[in-house]
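Hydrogens, waters and symmetry mates play no part in the numbers below; they use all other heavy atoms, side chains included.
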Amino acid sequence: MSIRVMLVDDHLIVLRGLKFFLNTQQDIEVVGEAENGRAAIGKMEECHPDVILMDLMMPVMDGVEATKEILKQNPQAKVVVLTSYSDQDHVIPALQAGASGYQLKDVDPDELVRTIRAARRGEKLLHPKATQLLLTEMNQGKTGRGVEAPFKLTKREKDVLYQITLGKSNKEISAALFITEKTVKTHVSNLLSKLDVHDRTQAAIYAMKEKLFEESRS
């Protein structure tokens, strides 16, 4: 089945370019377009998108507010931010609003497609600049989790976490550790809870911040 994508941007040339490119992908179908966040919310029921590709700076309603409202109405929605802004005032609010990905408009087209596919699977891919800002935010101690959290993980949960830091999907982790995908999902759910993070990206960044696997990588 194709991934149903809705495009949200106030620049017509951007909408046309994205639509043309994404429709060349066999597994992606652009099912709707909107010129601002308010219009996007209004088209949700009409388009039923799997992934919303969302600009941030738009008239009427910006991307952050639209993301909040969309996820309030439909918690299962996947919103990928595609913007020109990579500063803290844009990245952090977007991720806090629940964005399932964050990419800049100069991203390689193939990486944008990979981000859309990852969002559809429930995974989150971020531009390196966004990842660095999120890491800085965590380093400032704003997440409130205890430093003892990693020691609560079982050996297998640590194995899974290490695979997550390598950017592997559940299927790839399953193959690497010789366990079922269902077991991987269970371990992922447990380690997210123990680390008090919301998704795999935050778990990977936490592992990097705590330098949990430096010896394994060397």
Legend entry - Test item: side-chain donor near acceptor, Ser174 and Glu181, under 3.5 Å: no

Legend entry - Donor-acceptor side-chain pairing of Asn170 and Arg200 below 3.5 angstrom: yes

Inset, instruction - Determine whether more than 12 heavy atoms belonging to other residues, nucleotides or ligands lie under 6.0 Å from atom NZ of Lys185. - result: no

Legend entry - Test item: Glu157 side-chain N/O and Thr154 main-chain N/O as donor-acceptor pair under 3.5 Å: yes

Inset, instruction - Look at the side chain of Ser193 and the backbone N and O of Ser189, then say whether any donor-acceptor pair between them is shorter than 3.5 Å. - result: no

Inset, instruction - Output yes when a side-chain donor or acceptor of Arg4 lies under 3.5 Å from a complementary backbone atom of His48, and no otherwise. - result: yes

Inset, instruction - Only counting residues at least two apart or in another chain, list the ones meeting ring-ring contact (aromatic ring centres under 6.0 Å, His included) with His90. - result: Tyr85

Legend entry - Lys124: which of Asp199, Thr201, Thr115 passes side-chain hydrogen bond (donor to acceptor under 3.5 Å, both in side chains): Asp199

Legend entry - Side-chain donor/acceptor of Asn23 to backbone N/O of Val30, under 3.5 Å: yes

Inset, instruction - Give a yes or no on whether the backbone of Ile13 and the side-chain of His11 come within a donor-acceptor separation of less than 3.5 Å. - result: no

Inset, instruction - State whether the side chain of Thr24 and the backbone N or O of Phe21 hold a donor-acceptor pair below 3.5 Å, judged by distance alone. - result: yes

Legend entry - Distance in Å, Met58 CE paired with Arg38 CZ, rounded so as to fall on 0.5 Å steps: 11.5 Å

Inset, instruction - For Met54 and Gly63, work out which heavy atoms get closest and say how close. - result: CG-CA, 3.8 Å

Inset, instruction - Using only heavy-atom distances, determine whether the side chains of Thr186 and Thr183 contain a donor-acceptor pair under 3.5 Å. - result: no

Inset, instruction - For the pair Gln73 (side chain) and Ile70 (backbone), establish whether a donor and an acceptor sit closer than 3.5 Å, ignoring hydrogens and angles. - result: no

Inset, instruction - Nearest 0.5 Å please: distance from the CG atom of Leu53 over to the CG atom of Leu82. - result: 5.0 Å

Inset, instruction - Not counting sequence neighbours, list each pair that qualifies as a salt bridge (charged side-chain N to carboxylate O under 4.0 Å, His left out) and has a residue in residues 11-31. - result: Lys19-Glu33, Asp27-Arg117

